[in-house]
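Notes to accompany the following structure.
Residue numbers start from 1 in every chain, and the chains themselves are labelled A, B, ... in the order their sequence lines are given, proteins ahead of strands.
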Amino acid sequence: MNIPEGLLYTKDHIWVKREGDMVTCGITDYAQSELGDVVFIELPSPGQKFKKGQKMGSVESVKSVSNLYAPVSGEIMEVNGALEEKPETINQKPYEGWIAKIKIEDEKELGELLTADQYRKFIQES
Amino acid sequence: MRKLPLAHKHLEIGARMGGFASWEVPLFYKSIREEYFTCKNNCGLFDISHLGKFIVQGKDAQAFMEFISTRHFSEKVSPRGKVSFFLNIRGGIIDMSLVYKIEDRKFLIFTNAGAREKFFLWTSYIANQHHFDIEVEDHTEGSLLFSIQGPKSREVVKRAFSENLDSLPRFGWKKLAASNYNLMIMRSAFSYEDGFEIWHQGIDNGNIWGTLLQQITEQGGCPCGFGVRDLLRFEASLPLHGQEIDETVTPLELKKEYLIEWEKEDFIGKSSLYLERKIGPKKQLVGIEIIEGRKIPRYGYPVYSSQNLPCGYITSGNYSFMFRKILGLGFLDQQSCSLGEELIISAPGGKIKGRIVNIPFITSFSEKGE
């Protein structure tokens with residue numbers, strides 16, 4: 001299970017990378033392997049605002065449909081439109097197949113996310 | 001959860017296990033997509049030991065099978081198996097199973113995994129009620145069943161068992177006495193490709209699996225999980241117990257009248273089916289192609305007509321890698337079943353627009369894989 005150091009994680013299996021006043025986020029390797037083959041991804045739209053934990057999209061895999069929850073509160077600045085054509089990127093390269101860039105609304109929320117070690121432990125225990 | 005006899009072998013090669021019909025089965029080994037195309041282009045090996053495996057035998061076995069199933073079986077041992085319905089008295093489906101007459105008074109029957117207990121209870125009950133002198137033995141737990149599907153499957157089976165299978169017709173079977181295996185090879189494919197199923201009455205520590213795995217790898221194939229199996233059966237529009245099949249569904253609603261031998265004197269469910277045939281079935285299984293929206297229709301989603309009237313429900317849905325389309329199967333009221341008719345499917349989080357298409361999907365599209 002690939003859980004890179006230096007990223008932050010949510011208990012909803014979203015990875016988060018901070019870049020200035022924005023975060024880039026996507027689905028973890030664990031999540032993609034649980035989902036199975038991803039066939040469609042419903043992306044949020046730039047300009048949409050979400051509170052932390054709100055549904056911002058969904059992922060359809062051959063096995064099931066799963067919601068995507070915003071890892072932090074903020075505004076969607078950019079989405080990875082390439083996923084619409086190549087949703088399998090999520091399975092093949094989960095940490096390159098980013099989903100959205102979100103402008104951080106509340107710095108404090110970043111501190112509530114899990115480190116790689118904490119996320120690994122969370123998966124093992126769940 | 002019941003465990004497959006060879007569960008450890010699947011874990012050794014990286015299977016992702018998951019639940020299906022009270023069994024823990026391999027869902028996939030690498031990825032459903034990869035296994036799908038490998039199976040379509042070369043061949044795939046499936047462990048389907050979870051399927052119900054029954055032997056019906058005894059003095060009245062012939063008469064019993066004629067009475068309890070919709071097919072006619074010849075008096076002699078038959079070189080081919082038959083797909084047959086087992087119905088309740090209202091014509092509802094207990095199961096759609098594969099039946100082989102392997103000896104004079106002995107039948108081998110493979111049922112859907114989800115129908116296993118029901119099949120055993122039903123056959124035992126009918127035998128008892130009607131005083132048939134037969135025995136129904138459930139061999140599910142103590143035997144292995146493998147499936148090899150795809151264009152190179154014949155080569156794999158030939159090499160694994162050193163058997164010439166060129167003359168084996170579709171649904172033909174052959175018992176192998178060679179080596180220390182107690183094996184039966186059946187040419188039955190659920191994927192519309194060529195395919196074989198191997199039944200071993202016993203557990204052999206994985207030797208047969210190992211041999212098949214080696215041969216399949218040499219042919220460019222791979223082990224495949226249930227993700228692929230479900231997609232293949234879905235594209236072929238084969239009904240699955242608990243989804244397309246249950247006791248509220250009849251063979252006519254499934255559009256499978258060709259599996260009913262009306263000329264037989266009697267069989268359970270015949271009079272109800274006969275009446276249904278006269279007045280027409282209330283609902284029909286249809287294929288649905290999604291034309292707007294990017295959601296897969298899943299079991300139980302309600303379906304509405306283009307006038308927004310409720311008209312049915314979805315039984316299965318999937319993304320077809322072959323057609324690169326989202327497709328669904330569902331039951332619709334008879335008056336809503338015209339080909340080309342547009343429909344609305346209500347999915348959590350939104351609506352999906354679909355159109356009725358022919359089934360099986362596999363012959364209704366001309367495209368062919370990647």
- Message: Rounded at 0.5 Å granularity, tell me how far CZ in B/Phe20 sits from CG in B/Leu240.
- Response: 4.5 Å
- Message: Working to the nearest 0.5 angstrom, can you tell me the gap between A/Ile41 CD1 and A/Asn80 CG?
- Response: 8.5 Å
- Query: Of all heavy-atom pairs between B/Lys295 and A/Ser58, which one has the smallest distance, and what is that distance?
  - Reply: NZ-OG, 4.3 Å
- Item | Region of A/Ser61 in contact with chain B, defined by heavy-atom distances below 4.5 Å | backbone
- Which bit of B/Arg294 is near chain A, if near means a heavy-atom gap under 4.5 Å: side chain, backbone, both or neither? both
- Within the distance-only criterion (no hydrogens, no angle test), does the side chain of A/Asn91 pair as donor or acceptor with the backbone N or O of A/Val38 below 3.5 angstrom? yes
- Query: Which bit of B/Ile326 comes within less than 4.5 Å of chain A, counting heavy atoms only: side chain, backbone, both or neither?
  - Reply: side chain
